[in-house]
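The figures that follow rest on heavy atoms only: side chains count, while hydrogens, waters and symmetry mates do not. Indexing begins at 1, ligand by ligand and atom by atom, following the structure's order.
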Amino acid sequence: MTYRKTQLLDGFWEFGFTAEADFSALADLKFQDLQAVPGCYDAQPNYFCQRGCGAYRRQVQAGGRQMLEIGAAGLQYRVYWDGQEIFRSATPYLAEKIIFSAGEDGTHVLLIAVCNLFDRTPSSQFQEFYDFYAYGGIYRSVRLTAMPAHYLDYCAVTTRDYRTGRVRILLETAGDVPAEATAEIFCGSTHFMIALQQGKGESEFLVPDFQCWSPDNPALQQLQVRIAEDTLEVTFGIREVKVEKAKILLNGQPLQLIGYNRHDSHPQFGAALPSALLLADLNMIKQQNCNFIRGCHYPQSEEMLSLCDRLGLLVWEETLGWGNGPEALADAGFQSSQCRQAHLMVRKSINHPCVILYGFLNEAHTHLPVAQELVNKLACVIRAEDETRLITYATCRPAEDCCLAAVDVLSFNIYPGWYDDQTNQFFQPEVIEQALAKWSTFASEHYPDKPLLISEIGASALPGDHSGLRWSEEYQAELLLCVVRYIRRDQRYSGVALWQFCNCRTYVSRGAQARPRGFNNKGVVDEFRRPKLAWQRLTTLLQK
Ligand code: ADA
């Protein structure tokens, strides 16, 4: 049996930076500094909020066929092996696998150049107007694995019947693929073969001694796949997610999702969250009795999904996007990048039982017919890969939206009591109740078969303001409590993702939308995770 040899390349890399420069600055760059990988250089004091070209460099011992995995980097990056470019990306937050030939066994130089200047073309995946900070850096772990000539490229295990533990396993191999090969599967006391034709094969089997996965019992299963030269360990869960009579059912039981939108964001680490901080965030959310996280507004890390599998938190995964308008939606480059993101996001998520919803295009202009083509394409890309999860996207114009026929679940971003009517100084519960009642009736009238979520709702609170007026901790707490109480009462709702778990860095000047201190201050905990009143009150409410 052959196990893969993986080197985790996280640590301190040599670093050089030129402000206001693009990749053309690389030739003259001096490596005078060190940066941590994962890390965002523009969250660090030396380069705070600067834009330009940064390069990370280190030596690596390797040879032959290798797979370089970059968990995420942005905004754009290029990868060089001994000075030769082997990959380039303009999609931050997307995990990439690069298969390349590392040459002779020995010491080589790996350089990842990152540019955080904004791409202002319509095909750009991270536009300047997004309401979260566009960090520069290597956001997630980097790994290098020696690959055999013929290797296991993809293994998806999806539930066919959660009552009997019947699953479907799909295999794909790559590299020097023989016309025929055999894969062996070991799962507990079960052992069987799958015939591979041109590197592809599939089968169904019963998982022995299984327990179903759910938030209350996050039971995970394991299997091992072996081909002649390669072995892969796969962790998966057995559970069913489906829609019936406008409800989301998990293992036959209706779900009531209560949780948060959560950004990977911290003032000191940017979008590169250390593992301990990630675990602390997820533990807080779980221990508050929430069961749901919307991973806004980009694909989540492998680490985050594995943790949610283990803790029993349900996840909405979505492609990177924010308020994209007609120019982007119609742009061939934007479309193909979104489709590639969706494809890779699904393949990365498929064995994670925590993922129940796939989303895309947060608050895009889906009220315009021009959006229909891309929405339909994305739904097709996702369904072609995985029919065991539900599709949604968050719209902020539900009544005018013209793409909702494509989704399984309706998700509305609404801000009653915040953006809707700015005349009230103090919190007025009827504003929230009337808005939630209105959208529940709207959904029943127009989309009677589709479950309904509130995918964003909230209010800003500046820590220490106890005036009770807008922007105070009291105002936010009362608003969010009112929302949760209402959602629990109104059976039309399948749940809510409150906006948002923690304050996240954005930009001070966002036109009419005030962003004091350069943060989106709607977190129920601040950017350092210090609880606001809303956190405390929600904790008490959710214990009941
Ligand atoms: C939108 C958007 C969020 C955030 C929020 C707000 O709904 O989806 O990313 O910007 O508004 O705080 O205004």
Query raised in the report: At the 4.0 Å heavy-atom cut-off, does W322 count as touching ligand 1?
Result: yes
Query raised in the report: Which ligand 1 atoms are under 4.0 Å away from a heavy-atom of N362?
Result: 2 (C), 8 (O)
Query raised in the report: Do any N/O atoms on H263 end up under 3.5 angstrom from N/O atoms on ligand 1?
Result: no
Query raised in the report: Do T506 and R515 have side-chain atoms, one donor and one acceptor, less than 3.5 Å apart?
Result: no
Report summary line: Taken in chain and number order and not counting sequence neighbours, the residues that satisfy salt bridge (Lys or Arg N to Asp or Glu O under 4.0 Å) with E385 are R347
Query - Side chain D10, main chain V142, donor-acceptor under 3.5 Å - result: yes
Query raised in the report: Relative to the heavy atoms of R515, which atoms of ligand 1 are at a distance of less than 4.0 Å?
Result: 6 (C), 12 (O), 13 (O)
Requested in this report: Could you tell me whether W499 approaches ligand 1 through its side chain, its backbone, both or neither, with non-hydrogen atoms closer than 4.0 Å?
Outcome: side chain
Query raised in the report: Given R294, which of N362, V315, L257 fulfils the side chain to side chain contact (heavy atoms under 4.5 Å, CB included) condition?
Result: N362
Query raised in the report: In a check of salt bridge (charged side-chain N to carboxylate O under 4.0 Å, His left out) between E96 and each of R143, R88, R340, R78, which one passes?
Result: R340
Query raised in the report: Between K522 and ligand 1, which residue portion shows a heavy-atom distance shorter than 4.0 Å: side chain, backbone, both, or neither?
Result: side chain
Requested in this report: For H297, take its heavy atoms, then give the atoms of ligand 1 lying under 4.0 Å from any of them.
Outcome: 3 (C), 8 (O), 9 (O)
Query raised in the report: With a 4.0 Å cut-off on heavy atoms, is Y419 touching ligand 1?
Result: yes
Query raised in the report: Quick one: does Y415 get a heavy atom under 4.0 Å from ligand 1?
Result: yes
Report task. Establish, yes or no, whether the cationic atom of R140 lies under 6.0 Å from the six-membered ring centre of Y135 and within 45° of the ring axis. Result -> no
Report summary line: The atoms of ligand 1 lying under 4.0 Å from a heavy atom of N413, numbered in the order shown, are 7 (O), 8 (O)
Query raised in the report: Within the side chain of Q127, is there an N or O that forms a donor-acceptor pair under 3.5 Å with the backbone of T121?
Result: yes
